[in-house]
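In what follows, every chain begins at residue 1, and chains take the letters A, B, ... in the order their sequences are listed.
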Number of protein chains: 2
Amino acid sequence: MKEIIHVAIVEDDDEIRQTLALIINGTPGYHCKHTFIDCESANKELPNLYVNVVLMDIELPGISGIDGIKQLKPQMPNTDFIMLTIKQDDNSIFDSLCAGASGYLMKDTPPSELLRSITEVYKGGSPMSTNIARKVIQSFQISTPPSPLSGRETEILQLLCKGMNYRSIAEQLYLSAHTVKSHIKNIYKKLHVNSRAEAVSKAIKDKLI
Amino acid sequence: MKEIIHVAIVEDDDEIRQTLALIINGTPGYHCKHTFIDCESANKELPNLYVNVVLMDIELPGISGIDGIKQLKPQMPNTDFIMLTIKQDDNSIFDSLCAGASGYLMKDTPPSELLRSITEVYKGGSPMSTNIARKVIQSFQISTPPSPLSGRETEILQLLCKGMNYRSIAEQLYLSAHTVKSHIKNIYKKLHVNSRAEAVSKAIKDKLI
DNA sequence: AATGCAGTACCCCAAATGGGGGATTTCACA
DNA sequence: TGTGAAATCCCCCATTTGGGGTACTGCATT
């Protein structure tokens with residue numbers, strides 16, 4: 001036997017909302033009993049309902065879909081949220097994912113794929129269009145300009161990030177504290193900084209370590 | 001008319017490699033002329049060939065697929081790499097993406113989906129199984145424990161990260177340097193650190209700022 | 001009324017830091 | 001063959017930092 005997936009919809013456009021509900025209710029294995037026109041009303045009722053998957057519009061009047069998830073997801077940790085959007089080309093993708101969304105689809109996704117996506121989030125996947133996926137993975141591929149630091153300098157910078165002082169670093173690397181200081185002076189020159197704090201900040205932000 | 005997508009394969013298992021090539025060459029619109037059994041041989045020839053998409057095994061003898069991409073991708077920025085793997089449950093996903101891969105598929109992906117994925121990377125998408133996508137987006141949803149710092153302390157921590165000293169911070173916030181020092185002492189207590197470098201490191205890594 | 005936290009301000013002092021030098025060896029690359 | 005970068009070590013000295021205090025105000029919660 002096949003389980004029924006309970007779906008809720010938060011979407012302000014009447015036509016889209018009703019069309020989505022029709023698609024879902026017209027397909028065996030899917031059921032949509034609750035729909036909401038904004039986050040305000042969804043926030044009141046949704047946490048008390050048994051729902052597996054929520055389709056959430058991003059551009060909503062009042063509370064945005066992103067802020068809506070931020071409030072709802074903590075109350076419904078076992079419910080998966082799929083964001084629906086018309087525009088793929090902005091960073092609301094990242095805001096949505098950080099807010100707790102599990103999937104991210106275009107509103108013009110064909111019904112068959114929408115239903116497949118609902119099943120997939122329900123089964124623990126994260127459906128998203130491959131274009132959106134590309135944007136997501138590009139965020140991992142931030143081009144790291146080659147570090148200007150030598151091996152020893154990088155090594156020392158790592159220890160600086162742990163909050164170690166000249167002496168501790170010297171002991172750990174079997175060097176004299178003088179040497180460590182020399183290296184750190186060179187690190188400062190190369191990174192164009194003049195304090196530990198700034199060096200550490202730059203090191204972590206620029207992924208030098 | 002339909003363009004032909006030129007595919008190369010790097011895979012040590014003879015059977016898999018030949019099967020993949022057969023699938024690709026047996027389908028109109030796809031062509032696979034070059035296959036390699038390891039990264040060592042691929043590194044020599046691939047950069048000089050015209051190839052749109054490379055299917056790269058992750059677990060290769062000698063140079064791994066991940067290290068292979070690190071070397072190849074910079075030389076072939078317009079070529080897309082799809083990683084092939086048998087195990088999805090580790091962080092080679094992230095290493096691959098960071099190294100420059102555009103897609104990430106299981107080796108047991110059915111032929112039709114493999115071909116669709118090749119087309120999708122070629123068109124600028126990033127195909128990956130929804131399970132893998134879930135792992136990727138979970139990396140965005142790191143739960144940030146509420147900061148123990150007060151508003152003023154957070155403000156001062158931000159300035160510390162810029163490398164400012166007591167006096168500069170004091171001037172910027174219209175405080176006495178004594179006050180700034182008091183705040184910083186409290187920051188250290190709350191973060192369980194005892195130096196600027198450590199505080200800055202913790203602040204950035206824990207996203208306190 | 002009391003307690004505690006945030007924010008402000010001050011004192012003392014030892015230790016660490018940053019900036020300015022200079023010096024040597026080794027090793028690669030031109 | 002020499003030039004430079006990397007790595008090691010040393011000196012001096014003014015400034016900054018960190019740790020130990022104390023003290024006052026306001027505000028909220030108890």
Side-chain angles (χ1 to χ4, degrees), chain A residues 144-209, chain B residues 43-44 47 67 70-71 74-75 144-209:
Chain A
T144 309
S147 167
L149 302 181
S150 73
R152 202 52 150 173
E153 285 159 358
T154 303
E155 196 174 5
I156 287 176
L157 186 53
Q158 285 167 353
L159 300 179
L160 279 186
C161 289
K162 290 189 186 172
M164 292 168 72
N165 60 16
Y166 292 145
R167 197 162 29 77
S168 312
I169 296 174
E171 280 165 11
Q172 171 137 2
L173 300 180
Y174 303 105
L175 294 173
S176 87
H178 293 293
T179 306
V180 174
K181 186 172 175 176
S182 287
H183 282 304
I184 291 180
K185 281 196 282 191
N186 286 328
I187 292 173
Y188 289 180
K189 276 203 185 77
K190 288 184 179 178
L191 299 186
H192 307 294
V193 300
N194 42 33
S195 75
R196 273 164 149 67
E198 219 179 338
V200 167
S201 182
K202 196 155 197 156
I204 299 176
K205 286 181 180 164
D206 293 358
K207 301 202 195 305
L208 294 179
I209 56 162
Chain B
N43 279 342
K44 283 201 197 93
D67 290 327
K70 278 185 195 155
Q71 295 165 20
Q75 304 175 62
T144 309
S147 167
L149 302 182
S150 73
R152 202 53 149 174
E153 286 159 358
T154 304
E155 196 174 5
I156 287 176
L157 186 53
Q158 284 168 354
L159 301 179
L160 279 186
C161 288
K162 290 189 184 173
M164 291 168 73
N165 59 17
Y166 292 144
R167 198 160 29 76
S168 313
I169 296 174
E171 282 164 10
Q172 171 136 3
L173 300 180
Y174 304 104
L175 295 173
S176 88
H178 293 293
T179 304
V180 174
K181 187 172 175 177
S182 286
H183 283 303
I184 291 180
K185 280 197 283 192
N186 285 329
I187 292 173
Y188 289 180
K189 276 203 186 77
K190 288 183 180 179
L191 298 186
H192 307 293
V193 301
N194 43 31
S195 74
R196 275 163 146 68
E198 221 179 336
V200 167
S201 181
K202 196 155 196 152
I204 300 175
K205 285 182 179 164
D206 293 358
K207 305 203 194 303
L208 294 179
I209 56 163

Within a strict 4.5 Å, meaning less than it, do heavy atoms of the [X] and [Y] side chains meet?
X      : Y      : value
B:S168 : B:L159 : no
A:V193 : A:I187 : no
A:Q158 : A:T154 : yes
B:R167 : B:V180 : no
A:C161 : B:V200 : no
B:L175 : B:R152 : yes

So which atom in [X] and which in [Y] form the shortest heavy-atom distance, rounded to 0.1 Å?
X      : Y      : result
A:A203 : A:L157 : CB-CD2, 3.4 Å
B:A177 : B:Y166 : CB-CB, 4.3 Å
B:I184 : B:I156 : CG1-CG2, 3.8 Å
A:R196 : A:N165 : NH2-CA, 3.5 Å

Rounding to 10°, can you tell me the angle the first-five-pair axis of the helix from C:dA1-D:dT30 to C:dA30-D:dT1 makes with its last-five-pair axis?
50°

Nucleotides bounding contact with chain B, strand DNA chain C, heavy-atom threshold 4.0 Å
C:dA6 to C:dC12

Salt bridge (charged side-chain N to carboxylate O under 4.0 Å, His left out) with B:D67: which residues, sequence neighbours excluded?
B:K70

Has B:K162 got more than 12 heavy atoms of other residues, nucleotides or ligands less than 6.0 Å from its NZ?
no

Please work out which residues in residues 183-193 of chain B have a non-hydrogen atom less than 4.0 Å from an atom of DNA chain C and list them by number.
B:H183, B:K190

On DNA chain D, which is the earliest and which the latest nucleotide, 5' to 3', with an atom closer than 4.0 Å to a heavy atom of chain B?
D:dT16 to D:dG21

Could you check whether A:E153 and A:S150, counting side-chain N and O atoms only, form a donor-acceptor pair closer than 3.5 Å?
yes

Donor + acceptor pair across side chains of A:S182, A:T179 (<3.5 Å):
no

Across the strands shown, which category fits A:S195 at heavy-atom distances under 4.0 angstrom: base, sugar-phosphate, nothing?
sugar-phosphate

With DNA chain C as reference, determine whether A:A197 or B:G151 sits nearer its 5' end, using the nearest nucleotide of each.
B:G151

Selection: residues 164-178 of chain B, any non-hydrogen atom under 4.0 Å of DNA chain D:
B:N165, B:Y166, B:R167

Tell me, with the steps shown, if A:K205 and A:K202 meet side chain to side chain contact (heavy atoms under 4.5 Å, CB included).
CA-CA 5 Å; A:K205 286 181 180 164; A:K202 196 155 197 156; over 6 Å; no

